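These notes are about the structure you will find just below.
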Amino acid sequence: MQARHLLFCLLAGTALVACNREPAATDASTPAPATAPAADAQAAAHTFSDDINAGDFAELVKTLASDEFEGRGPGTPGGEKSVEYIKAQFERIGLQPGNHGAWFQDVPMTETTADESTALKFDVGGKAETLEFGDDMVIGTRSGEKEVKVQDSPLVFVGYGVDAPEQGWNDYAGVDVKGKTVVILVNDPGFHANDASLFEGKRMTYYGRWVYKFEEAARKGAKAALIIHDTAGASYGWDVVRGSWSGAQYDLRAADDPAPRLPAQGWITGEAAKALFADAGLDLDEMYKAANKRGFKAVPMKATVSFDLKSTISEKSSRNVIGVLPGTERPDEAVVYMAHWDHLGKHDGEEGDNIYNGAVDNATGVAGIIEVAQKFARTTPAPKRSLVFVAVTLEESGLLGSQYYVAHPAFPLDKTVGVINIDAMGVYGKSRDLVVVGKGNSELEDLLKAQTDRQGRTLEEESTPESGFYFRSDHFNFAKAGVPALYTESGEDLVEGGRAAGEAAAKDYNANRYHKPGDEYSDSWKLDGVVEDLQALYGVGRVLVDGDQWPNWYEGNAFRAARDKMMAGNNDQSHVGGKQETQAAGD
C-alpha cells in the first residue's frame, strides 16, 4: 500500500496473500479447544464503561496485540486465544451466540507451505536463467497438490491479463494459453498510461487486482501465471510481496470456493522481468506502452519455464466469531458490524522479535466493533432490528473468513440491511475529515454524512484510488453479493498538524510497522480520533436499526443489480433520503 494511506487506510492484508504463520495446531477434524483460561481472565480484568471509551478501546487492543496472542495466526494457539477472548467480550456485553445458537463458525481451510528452495528455470533462446525464491520471485499453489511440476512451459506476455467485454478489452484475444505460463502486469491499463479514457483511469477497478488476474488466467487454461511487480502499480514494495508469499498460505477448500485455480501462481521482480524480456528480444518499457493501448495483442515470448514446486499441505480450520443483539420488533432483519481478527502470526526462524502483533492491523478494528456492540447493548431504547457483530478470520489470506460467512450467513443476505466494516483505525488523534473508500458507492454514505455533519467534519474520498482499497478488505465479499457495505478510513487532515502531520505519520507507519513486528500497541497513541470515528459509525447503525430504511447502491453502481435481484418481489423498503428517497424493490 502507498505510504500516504498506510496509517489511515484499512490495511487490508489482502494487499497480498498471508505472510508467514506458525504451523496450525489443529486440523478440521479436531474439536476446537475449550475456552482459554487466560482469555477469560483478561476479559474480566478491566472495568468497562457503557459508552465508547478510549481507555476501554486501549485495553482491548493491548490484549489482542500482546505477545501472548502470538500475532493471531489462524489455526495457531495464539489464534485460539484470540477467538476465545473475543467470545468472552461478546458474552460480557450480553450478546447472544450469533451462528444459529453457536458463538463460532468453523471455516475449513487448506494450509500450503511452498518449499522455498524452489527455483524458476528459464530457457531464453537457448540461454539458461534461474530466478531464486524470495530475491527474484515468489511462487505457490492453491491446487492442494503436494507437487506441481512444470516442464518447458512457453511464456506468453498478456499485458494486464484482462478480459472485460463491457470495456471492449481482451488481452487474451487471438491467443491460446492452455498449458502455457502467462506473464502479466499489475493494476489497470489506465493507471500506467495515466489515461482517464482507459477503464477508470488512475482509479483501480477489480480487473487491476492480482486475485482477478490469476483467476482469469485459470479460466483461460494457463498452466501458471507470473505477475511483474512494480511498486507504484501494486502500491507496495517487493518486501511486502516477498514477506506475504513466504511460509504458510491459507485458502478455503476447493469444495467451498467455486473460483478457478491455477496449478501455480506468483510474482517476479521488475528487475528480473526486465532482464528476462531483454534476453527474449523484448523491451519491457515498450511492452508497457503497447499493453496500455486498445487492441493490444498478446506476445509469445521466445522463452520457456520449468520448475518443480513442492509444498506441505495440511487441512486445518479457523473460526469466525459471531454475536447478535436481537431486535425487539424486526429481529429477522440485521445490520452487520465486522472486523477481521487475524494477523500474520509468528515467523519462526527470524532473528529478534518474530511476533507480528498486528495492533493497528487489525486489533483496532476488533476493539472497535466490541466498543460499538457495548454501546448498543447499554443504550435505550433497544434496537428494533438485530445487530450482528462478526469477527472474521483469514482476511490476510484473501478475505476468506468473510467469503465463507457470505456463503453461509447467520442472517440471509436479503435480510441484511447493510454492512459496516472496520479495518485498521487511525491512532494519531482527531481529524477534520473522514475518508470513505470507494466514495460514491451506496446510500449508506448519506447516513454517514449526517453523522459527520454533526461532528463538524467532512467526508472525503481516498487520495490514492489507484490502490484499489475497496477490493482489499472483508466488506468486498458482501458488496460482490449485492449487500450495501460501508468502508471508511480515519481522516488524513489531523486537527493537530494538518495533512502534513497525517502524511508523515503514514510514511512512518509504512516504513516501520505495516506487516512488521513493529505494529504494536503504544501508550503514545492519541485515541480521541478513534472515539469520534466509532461514534459516527455507531450513529449510522443506530439510524438503521431504529428505522425501516433499506439503503441501496447508487444508480449505476456495479453491485446494484445483484441487490435489486436479491430483493425483487418486495416493495415496502424505502431508500435513505434526498434524491434517493423513492420506493425500491426490497424486502
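These figures come from a predicted structure and were not determined experimentally. Atoms considered below: every heavy atom in the structure, side chains included; atoms not considered: hydrogens, waters and symmetry mates.
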Return yes if some donor-acceptor pair links the side-chain N/O of Thr76 with the main-chain N/O of Gly79 below 3.5 Å, else return no.
yes
Using a cut-off of 6.0 Å, state whether more than 12 heavy atoms not belonging to Lys480 lie near its atom NZ.
yes
For the CG atom of Leu95 and the CH2 atom of Trp103, what is their distance to the nearest 0.5 Å?
5.5 Å
Scanning both residues in full, the closest heavy-atom pair of Val61 with Ala367 reads CG2-CB, 3.6 Å
Intermediate values then yes/no, side-chain contact (heavy atoms from CB on, under 4.5 Å), His229 and Thr269
CA-CA 5 Å; His229 173 263; Thr269 66; 5.6 Å; no
Is a side-chain N or O of Glu445 found less than 3.5 angstrom from the main chain of Gly440, in a donor-acceptor match?
yes
Can you tell whether the side chains of Arg378 and Asp50 come within less than 4.0 Å, N to carboxylate O?
yes
Quick one: do Tyr250 and Asp342 satisfy side-chain contact (heavy atoms from CB on, under 4.5 Å)? Show the steps, please.
CA-CA 12 Å; Tyr250 300 116; Asp342 65 298; over 6 Å; no
Charged N to carboxylate O under 4.0 angstrom, Glu70 versus Lys81?
no
Could you check whether Asn53 and Glu371, counting side-chain N and O atoms only, form a donor-acceptor pair closer than 3.5 Å?
no
For residues Tyr404 and Pro108, determine if any side-chain heavy atom of one lies less than 4.5 Å from a side-chain heavy atom of the other.
yes
As an exercise, state the distance from CG of Asn512 to NZ of Lys516, rounded to the nearest 0.5 Å.
7.5 Å
Do Tyr509 and Asp519 pair up side chain to side chain, a donor and an acceptor below 3.5 Å, judged on atom types alone?
yes
Heavy-atom side-chain proximity of Leu534 to Ile422 below 4.5 angstrom:
yes
Donor-acceptor contact below 3.5 Å, side chain Glu351 vs main chain Gly349:
no
Does the side chain of Glu68 pick up a donor-acceptor pair with the side chain of Tyr85 at under 3.5 Å?
no
What is the ring orientation for Phe389 with Phe90, classed by angle as parallel under 30°, tilted 30 to 60°, or perpendicular over 60°?
tilted
Examine the side chains of Asp230 and His192 and answer whether a donor and an acceptor come within less than 3.5 Å of each other.
yes
If you compare all heavy atoms of Trp245 against all heavy atoms of Gly266, which two are closest, and at what distance to 0.1 Å?
CZ3-CA, 4.1 Å
Atom CG of Asn187 and atom NZ of Lys202: how far apart are they, to the nearest 0.5 Å?
8.5 Å
Assess the side chains of Asn357 and His343: does a donor N or O sit below 3.5 Å from an acceptor N or O?
no
Ion pair Glu333/Lys384, N-O distance below 4.0 Å
no
I need the Glu462 CD to Arg203 CZ distance, nearest 0.5 Å.
5.5 Å
Among Arg457, Glu489, Glu496, whose side-chain hydrogen bond (donor to acceptor under 3.5 Å, both in side chains) with Ser431 holds?
Arg457
So do the side chains of Leu537 and Thr488 get within less than 4.5 Å of each other, counting heavy atoms only?
yes
Should the pair Asp188-Arg209 be classified as a salt bridge under the 4.0 Å nitrogen-to-oxygen rule?
no
Would you say the side-chain atoms of Asp251 and Thr112 include a donor-acceptor pair closer than 3.5 Å?
no
Are Leu400 and Met109 packed together at the side-chain level, in the sense that at least one heavy-atom pair is separated by less than 4.5 angstrom?
no
How about Lys526: does its NZ atom have over 12 heavy atoms from other parts shown lying under 6.0 Å from it?
no
Close side-chain approach of Thr63 to Tyr521, heavy-atom, < 4.5 Å:
no
Going by the angle between their ring planes, with limits at 30° and 60°, are Tyr212 and Tyr207 parallel, tilted or perpendicular?
perpendicular
Are any side-chain N or O atoms of Ser244 and backbone N or O atoms of Val241, one a donor and one an acceptor, separated by less than 3.5 Å?
no
Full working for side-chain contact (heavy atoms from CB on, under 4.5 Å) between Leu444 and Leu544
CA-CA 9 Å; Leu444 289 170; Leu544 290 175; 3.8 Å; yes
How far apart are the closest heavy atoms of Tyr337 and Leu387, and which atoms are they?
CE1-CD2, 3.8 Å
Here the pair of heavy atoms bringing Pro517 nearest to Glu520 is O-CG, 3.3 Å
Parallel, tilted or perpendicular: rings of His46 and Phe48 (30°, 60°)
perpendicular
Between Ser49 and Asp56, is the side-chain hydrogen bond (donor to acceptor under 3.5 Å, both in side chains) condition met? List the steps.
CA-CA 7 Å; Ser49 64; Asp56 296 347; 2.9 Å; yes
Could you tell me if Arg542 sits above the aromatic ring of Phe376, with its cationic atom closer than 6.0 Å to the ring centre and no more than 45 degrees from the axis?
no
Parallel, tilted or perpendicular: ring planes of Tyr470 versus Trp553, cut at 30 and 60 degrees
perpendicular
Of all heavy-atom pairs linking Gly429 and Leu494, the shortest is O-CD2, 4.1 Å
Distance alone, cut at 3.5 Å: any donor-acceptor contact between the side chains of Asn477 and Ser402?
yes
So, Ser490 side chain and Gly426 main chain: donor-acceptor pair closer than 3.5 Å or not?
yes
Please tell me whether Asn320 and Thr393 have a donor and an acceptor in their side chains that are separated by less than 3.5 angstrom.
no
Rounded to the nearest 0.5 Å, the CG atom of Leu64 sits from the CZ atom of Arg72 at a distance of 6.0 Å
Is any NZ, NE, NH1 or NH2 atom of the basic residue among Asp528 and Lys430 found under 4.0 Å from an Asp or Glu carboxylate oxygen of the other?
no
Are any side-chain N or O atoms of Trp341 and backbone N or O atoms of Asn362, one a donor and one an acceptor, separated by less than 3.5 Å?
no
Salt bridge check, Arg319 against Glu84: does any charged N sit closer than 4.0 Å to a carboxylate O?
yes
Can you name the nearest heavy-atom pair linking Ser318 to Pro74, along with the distance?
OG-CB, 3.6 Å
Between the main-chain N or O of His475 and the side-chain N or O of Ser473, is there a donor-acceptor pair closer than 3.5 Å?
no
Could you measure the distance from the OH atom of Tyr405 to the CE atom of Met338? Nearest 0.5 Å is fine.
8.5 Å
When you check the side-chain N and O atoms of Asp433 and Thr458, is any donor under 3.5 Å from an acceptor?
no
Just say parallel, tilted or perpendicular for the rings of Phe471 and Phe476, cut-offs at 30° and 60°.
perpendicular
Is it true that Asp239 and His515 share a donor-acceptor pair across their side chains at a distance under 3.5 Å?
no
Is there a donor-acceptor pair under 3.5 Å between the side chain of Ser235 and the backbone N or O of Ala232?
no
Between Met425 and Phe57, is the side-chain contact (heavy atoms from CB on, under 4.5 Å) condition met? List the steps.
CA-CA 11 Å; Met425 303 194 73; Phe57 179 89; 4.1 Å; yes
Regarding Tyr554 and Asp446, is there a side-chain donor-to-acceptor distance under 3.5 Å anywhere?
yes
Criterion side-chain hydrogen bond (donor to acceptor under 3.5 Å, both in side chains) against His340, the qualifying member of Asn421, Asp474, Asp361
Asp361
